[in-house]
Amino acid sequence: MTSRQHTVIATVLVILGLYVMRLTSVEIQPTPEGIIAVRGEGVVLFDQWGIGLSAPLTTWATALGIRTVGGTPLAVRWFAIFSVLVAAVMTYLVARRSLNFQSSVLAMGVVGSSLPFITYGRQANDVIPFVACLLLALWATLKIRDKNPMLTTIGVGGLLVVGLSGVALSMPFQALLSSDLSVTATGPLDVVLLLLEASPFLAAAILWCVVLVFRRELLPTRAQPDVLVLSVWLVVGCLLLAVSSIRSALTISYVIAPAAILGLRAVEQFRESRRMGLVIALYCVVTLSSLWFVITSVLHLEQTQMLMVLVAAAICGVGLVGLIVMRSQKRRATMAVRLYKPVIYGSVALTAVCAALVVMKGSPSAISGGRAVASALHEDTLAVHSFTYLYHARTAADAFNGQLAWYTNGWMTGWKSGYRYVPTAMPPNTVDESTVSSVRGASWIVYYHPDINEDEQKIVRRLLISQYSAHVETPHYTLYRNR
């Protein structure tokens with residue numbers, strides 16, 4: 001094996017090790033992981049392997065894991081890790097067709113360390129497998145166009161069939177059909193901010209798209225089918241997210257891989273064309289994006305503080321660019337060379353450090369407490385076979401909590417005979433006192449309150465405390481027991 005092959009394998013192993021670390025310590029998340037886990041459990045229990053409106057690929061993989069190792073987090077999450085592995089390798093292979101070796105390896109690092117991938121690549125979902133299969137299908141299609149020996153063509157053709165089948169079986173039909181068009185002025189801005197919060201380097205891809213509008217000579221041609229397809233993937237994906245209601249930190253993962261490759265393509269193309277002004281502009285954009293990343297993902301500053309810091313940084317950045325531009329062409333060329341590693345490698349390293357913190361400390365968006373609540377409920381099943389589930393409804397689907405359903409082992413799904421729960425909804429962000437009063441009398445009340453401020457939670461406590469004791473208290477759940 002060559003030194004380059006060793007480098008690629010080592011990079012893949014480092015990324016894989018980061019994803020495997022503390023994999024089973026985090027609780028099964030309510031959605032989409034909990035929903036998929038419960039579906040997989042249902043497939044095993046009732047032997048129903050049919051295809052419905054929801055994407056079945058991850059559900060089948062979860063069912064296979066449960067049948068093999070039992071109902072554990074590993075059984076639910078093994079396919080997500082496998083999908084990350086495929087996505088990382090395919091990112092390198094697709095990138096290698098248009099980028100140099102260093103940039104191709106860096107593309108793996110950008111994708112693997114991005115916060116949506118490190119968060120949801122360790123949970124069961126349909127997005128990461130879809131991206132992995134699409135990258136596999138894209139690489140196989142491009143490889144078949146090359147002149148290959150017959151056996152290689154047959155093998156690659158088999159991979160193409162696998163990739164296309166995976167794309168079809170993980171296509172988010174249900175999410176697209178159930179999503180509402182929300183064409184607003186902030187839609188495109190939301191997508192841009194989600195990309196910047198995923199990895200600051202992805203600002204390079206955004207700049208590349210803007211530059212192509214004014215520099216038509218840089219547009220990909222038919223002689224560059226990989227760049228052309230990736231460009232369509234990125235633009236169409238961002239447009240769909242901008243006009244739909246499903247844009248989130250999870251769904252932005254659909255476009256991270258093409259954005260990473262095209263961002264590195266922009267770096268190479270700008271440097272090769274000797275347009276030093278564009279190179280310096282790209283460095284400034286990535287630097288400002290890195291500052292935004294630190295503010296939002298590391299420091300978690302309030303909006304007013306963020307605005308002040310960004311304005312100050314923008315002024316400093318414009319001043320620096322002005323000084324550089326006023327200098328000689330030689331000076332601009334020197335800066336373009338010297339700033340490459342500190343800016344580009346620095347932005348990727350910053351994301352990698354933040355990704356490692358997410359693995360070690362847990363994601364800020366992670367929901368916990370369902371396991372403790374379910375354990376307390378199971379301790380009292382000799383006397384009580386029902387509980388009231390009090391929650392804040394944003395959609396009709398919120399009546400079913402995937403995390404709680406997984407840990408109560410068939411209680412919420414109706415698979416356990418004689419056991420039931422009563423969902424009781426309140427407004428999304430406030431407490432309805434009449435609703436809380438109406439549930440008094442239940443033996444157990446499970447109050448689910450993520451993203452609800454403490455003042456609202458205290459209202460529920462005040463209304464129940466005379467008759468109930470807080471048996472289990474977690475950041476996202478409170479279990480009240482009738483005295």
Side-chain angles (χ1 to χ4, degrees), residues 23-24 26-81 83 120 122-130 169-170 172-175 178 250 365-378 381 385-391 393-425 444 446 448 450 474 476-477 479:
L23 178 64
T24 61
V26 180
E27 293 183 38
I28 298 295
Q29 295 302 290
T31 181
E33 184 176 45
I35 307 297
I36 293 172
V38 171
R39 286 176 182 166
E41 193 175 23
V43 169
V44 174
L45 288 175
F46 305 106
D47 200 27
Q48 296 177 349
W49 298 81
I51 297 178
L53 190 60
S54 60
L57 181 61
T58 307
T59 300
W60 290 347
T62 301
L64 182 61
I66 293 173
R67 177 166 288 182
T68 304
V69 300
T72 64
L74 179 61
V76 177
R77 292 169 175 163
W78 75 270
F79 190 61
I81 300 298
S83 298
Y120 297 102
R122 303 169 74 242
Q123 301 174 18
N125 63 84
D126 297 317
V127 177
I128 306 300
F130 177 86
L169 293 174
S170 59
F173 292 112
Q174 189 175 29
S178 62
L250 171 61
S365 62
I367 302 296
S368 62
R371 181 166 49 196
V373 169
S375 177
L377 288 172
H378 283 136
T381 53
H385 290 179
S386 69
F387 68 89
T388 295
Y389 176 58
L390 185 64
Y391 66 101
R394 291 174 174 80
T395 65
D398 291 338
F400 185 82
N401 185 315
Q403 182 181 72
L404 204 56
W406 171 260
Y407 287 112
T408 53
N409 297 323
W411 194 327
M412 294 185 71
T413 56
W415 299 338
K416 186 177 291 188
S417 179
Y419 290 78
R420 68 187 184 91
Y421 82 105
V422 180
T424 304
W444 291 98
V446 178
Y448 181 54
T474 72
H476 304 110
Y477 294 86
L479 176 61

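Predicted, not measured: the structure shown is a model, and the values here were computed from it.
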**Q** Can you tell me how far OG1 of Thr58 sits from CD1 of Ile35, rounded to the nearest 0.5 angstrom?
**A** 13.5 Å
**Q** For a quick test of reading the model, state the closest non-hydrogen atom pair linking Ala405 to Thr413 and the distance between them.
**A**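 Between these two residues, the closest heavy atoms are CB-CG2, 4.4 Å.
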**Q** Using the side-chain contact (heavy atoms from CB on, under 4.5 Å) rule, take Gln123 and Tyr120 through it: C-alpha gap first, then chi angles, then the decisive distance, then the call.
**A** CA-CA 5 Å; Gln123 301 174 18; Tyr120 297 102; 3.7 Å; yes
**Q** Look at the side chain of Gln29 and the backbone N and O of Ile367, then say whether any donor-acceptor pair between them is shorter than 3.5 Å.
**A** yes
**Q** Which class fits the ring pair Tyr419 and His385: parallel under 30°, tilted 30 to 60°, perpendicular over 60°?
**A** parallel
**Q** Please check: side-chain N/O of Arg77 versus main-chain N/O of Leu23, any donor-acceptor pairing under 3.5 Å?
**A** yes
**Q** What closest approach, in Å, do Val69 and Ala75 show between heavy atoms, and which atom pair accounts for it?
**A** CG2-CB, 3.5 Å
**Q** Distance from Glu41 atom CD to Trp406 atom CH2, nearest 0.5 Å?
**A** 5.0 Å
**Q** Could you give me the CA-CA distance, side-chain angles and deciding distance for Trp444 and Val373, then say whether side-chain contact (heavy atoms from CB on, under 4.5 Å) is met?
**A** CA-CA 10 Å; Trp444 291 98; Val373 169; over 6 Å; no
**Q** Just by modelled atom types, is the Arg420 backbone N or O under 3.5 Å from a matching donor or acceptor in the Trp411 side chain?
**A** yes
**Q** Do you know the tightest heavy-atom contact between Ala63 and Val44?
**A** O-CG2, 3.3 Å
**Q** Name the one of Tyr421, Tyr477, Tyr391, Phe400 that satisfies ring pair (Phe, Tyr, Trp, His ring centres under 6.0 Å) with Tyr448?
**A**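 Filter result, single survivor: Tyr477.
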**Q** Any chance you could measure Thr408, atom OG1, to Gln403, atom CD, to the nearest 0.5 Å?
**A**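 These two atoms lie 10.5 Å from each other.
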**Q** How far apart are the closest heavy atoms of Leu169 and Pro56, and which atoms are they?
**A** O-CD, 2.9 Å
**Q** Not counting sequence neighbours, which residues clear side chain to side chain donor-acceptor pair (under 3.5 Å) with Arg122? List them please.
**A** none
**Q** Is it true that the side chains of Asp126 and Ser170 contain a donor and an acceptor less than 3.5 Å apart?
**A**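 Per modelled atom types, Asp126 and Ser170 side chains form no pair under 3.5 Å.
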**Q** How long is the gap from CZ on Arg67 to CG on Leu45, to the nearest 0.5 Å?
**A**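 The distance works out to 9.5 Å.
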**Q** Hey, what do you get for CH2 (Trp78) to OG1 (Thr72), rounding to the nearest 0.5 Å?
**A** 12.5 Å
**Q** Hey, could you give me the CG/CG distance between Leu377 and Asn409, rounded to the nearest 0.5 Å?
**A** 11.5 Å
**Q** Please name the pair of heavy atoms, one in Pro129 and one in Leu57, separated by the smallest distance, quoted to 0.1 Å.
**A**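 Shortest heavy-atom separation between Pro129 and Leu57 comes out as CB-CD2, 4.4 Å.
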**Q** Walk me through whether Thr62 and Phe79 qualify under side-chain contact (heavy atoms from CB on, under 4.5 Å).
**A** CA-CA 7 Å; Thr62 301; Phe79 190 61; 5.9 Å; no
**Q** For Met412 and Phe387, what are the C-alpha separation, side-chain angles and deciding distance, and is it a side-chain contact (heavy atoms from CB on, under 4.5 Å)?
**A** CA-CA 10 Å; Met412 294 185 71; Phe387 68 89; 3.8 Å; yes
**Q** Restricting to non-hydrogen atoms, name the atom on Ile66 and the atom on Gly71 that form the minimum distance, rounded to 0.1 Å.
**A**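 Here Ile66 and Gly71 meet closest at CG2-N, 4.2 Å.
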**Q** Looking at side-chain heavy atoms only, is the closest gap between Pro30 and Leu404 below 4.5 Å?
**A** no
